[in-house]
Amino acid sequence: MGRGRVQLKRIENKINRQVTFSKRRSGLLKKAHEISVLCDAEVALIVFSTKGKLSQYATDSCMERILERYERYSYAERQLQAMDVEANQGNWTLEHAKLKARVEVLERNQRNFMGEELESLSLKELQSLEQQIDSALKLVRARKNHLMFQSISELQKKDKLLQEQNNLLAKKVKEKEKTMNQQAQWQQQNQELNASSVLLMQPLNYSSYELEAGGGGEDENISPANRPNTLLPAWMLGHLHDQ
């Protein structure tokens with residue numbers, strides 16, 4: 001198995017840090033020599049340890065010549081950067097002036113649209129301003145009408161939906177009332193049937209009927225076929241009593 005990847009952070013252990021520095025410095029010097037030989041490049045490498053010890057490598061041991069070349073290049077690079085900065089500053093100044101003039105024109109146009117500072121405008125400029133305002137007003141009105149129609153359409157849809165819901169609820173209420181009325185009728189009919197059944201089940205009092213009919217001697221001769229029904233309802237008994 002190969003060695004795992006080393007995390008790039010400061011090594012806290014002093015001994016391990018020194019050993020790693022020595023190994024990596026040797027490898028770095030070796031890589032600098034290899035790139036100078038393989039690629040015919042001028043390489044200068046300077047390394048200072050934590051204790052200030054210098055380690056260096058230069059192609060053909062010409063460190064001074066390489067550093068001098070570096071200084072010339074750095075100076076030329078700085079000069080070019082300074083020229084670019086000056087050019088950029090000049091461009092930015094010109095751009096700032098253009099933008100400032102543009103902002104002033106826009107602010108003046110805005111004041112003109114508000115009906116201010118119209119004295120300096122010619123007849124042609126006033127006519128152009130009027131046309132622009134009319135065009136803008138038409139666009140504003142068209143947008144307003146569109147929003148109003150859209151709002152009315154949405155309200156109509158909501159009204160239609162509410163009406164449908166109201167009709168559905170009214171239908172359910174009617175069905176509920178009809179069901180309740182039917183149940184009330186059924187309950188009343190059941191109560192009447194139950195009352196009639198109780199009256200029909202009550203026995204008839206013969207002695208009272210005979211006394212009310214006018215004595216027992218005559219009733220004894222009544223045949224069984226002519227005797228009253230023992231299960232007559234109360235209203236029939238009352239009728240016989242009245243007779």
Side-chain angles (χ1 to χ4, degrees), residues 1-12 35 39 70 73-197:
M1 294 178 64
R3 186 177 62 178
R5 187 174 182 179
V6 179
Q7 187 178 3
L8 292 179
K9 67 177 183 177
R10 183 176 182 273
I11 301 174
E12 299 298 333
I35 194 173
C39 303
Y70 172 75
Y73 179 82
S74 299
Y75 177 76
E77 186 70 19
R78 288 193 296 271
Q79 289 296 110
L80 290 175
Q81 290 179 357
M83 292 176 62
D84 292 338
V85 170
E86 292 178 358
N88 291 332
Q89 288 179 351
N91 293 333
W92 282 114
T93 302
L94 181 61
E95 188 69 19
H96 177 265
K98 291 181 179 180
L99 292 175
K100 185 177 180 181
R102 180 63 177 168
V103 169
E104 290 178 355
V105 171
L106 293 175
E107 289 178 350
R108 185 174 64 253
N109 292 336
Q110 183 179 5
R111 290 192 294 271
N112 292 335
F113 284 128
M114 297 297 295
E116 301 174 358
E117 299 181 5
L118 302 177
E119 294 80 7
S120 60
L121 299 180
S122 63
L123 178 60
K124 186 175 181 180
E125 290 175 344
L126 289 173
Q127 289 177 349
S128 176
L129 179 63
E130 184 181 7
Q131 292 177 358
Q132 293 178 5
I133 292 175
D134 289 339
S135 300
L137 185 59
K138 290 179 181 178
L139 294 175
V140 171
R141 287 176 177 172
R143 179 59 180 170
K144 182 193 70 173
N145 293 333
H146 174 72
L147 292 178
M148 289 178 64
F149 291 148
Q150 186 177 3
S151 178
I152 291 172
S153 178
E154 292 178 356
L155 291 175
Q156 289 177 349
K157 291 180 180 179
K158 291 182 179 178
D159 182 65
K160 184 177 179 181
L161 181 61
L162 291 174
Q163 287 181 357
E164 291 177 355
Q165 293 178 353
N166 189 17
N167 295 333
L168 182 61
L169 291 174
K171 184 177 179 181
K172 290 182 178 179
V173 169
K174 290 182 180 179
E175 292 178 353
K176 186 67 175 178
E177 291 178 351
K178 183 178 179 181
T179 303
M180 293 177 66
N181 292 332
Q182 290 179 354
Q183 290 179 355
Q185 291 178 359
W186 293 340
Q187 290 179 357
Q188 184 177 2
Q189 291 177 359
N190 291 332
Q191 290 177 357
E192 292 178 353
L193 291 174
N194 293 332
S196 299
S197 300

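- Interatomic distance, CD of E125 versus CG of L118, reported as 10.5 Å (0.5 Å rounding).
- Using a 4.5 Å heavy-atom threshold, the side chains of V105 and R108 count as touching.
- Considering only heavy atoms from C-beta on, L129 stays 4.5 Å or farther from N109 through its side chain.
- Taken to the nearest 0.5 Å, the CG atom of N181 stands 10.0 Å off from the NZ atom of K178.
- Between atom CG of residue L162 and atom CG of residue N167 there is a gap of 11.0 Å, rounded to the nearest 0.5 Å.
- Separating the OG1 atom in T179 from the CD atom in Q183 is a distance of 6.5 Å, to the nearest 0.5 Å.
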Evaluate the side-chain contact (heavy atoms from CB on, under 4.5 Å) criterion for residues E164 and L168: first the C-alpha distance (whole Å), next the side-chain angles of each, then the deciding distance (0.1 Å), finally the verdict.
CA-CA 6 Å; E164 291 177 355; L168 182 61; over 6 Å; no
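- Expressed to the nearest 0.5 Å, how far OG of S153 lies from NZ of K158 amounts to 11.0 Å.
- From S135, atom OG reaches atom CD of E130 across 10.5 Å, with rounding to the nearest 0.5 Å.
- The pair R102-E104 does not meet the salt-bridge criterion, since no charged nitrogen lies less than 4.0 angstrom from a carboxylate oxygen.
- More than 12 heavy atoms of other residues, nucleotides or ligands shown are found within 6.0 angstrom of CD on Q182.
- For D159 and Q163, the side-chain atoms include at least one donor-acceptor pair closer than 3.5 Å.
- In the displayed structure, I35 atom CD1 is contacted under 6.0 Å by at most 12 heavy atoms of other residues, nucleotides or ligands.
- Counting only heavy atoms from C-beta outward, the side chains of K172 and K176 never approach each other to under 4.5 Å.
- The 12-atom threshold is exceeded at CZ of F113, counting heavy atoms of other residues, nucleotides or ligands nearer than 6.0 Å.
- Tested against R143, the residues L147, L139, V140 include a single side-chain contact (heavy atoms from CB on, under 4.5 Å) partner, L147.
- No donor-acceptor pair closer than 3.5 Å links the side chain of S128 to the backbone N or O of K124.
- Counting heavy atoms from C-beta outward, Q165 and L161 have side chains that approach closer than 4.5 Å.
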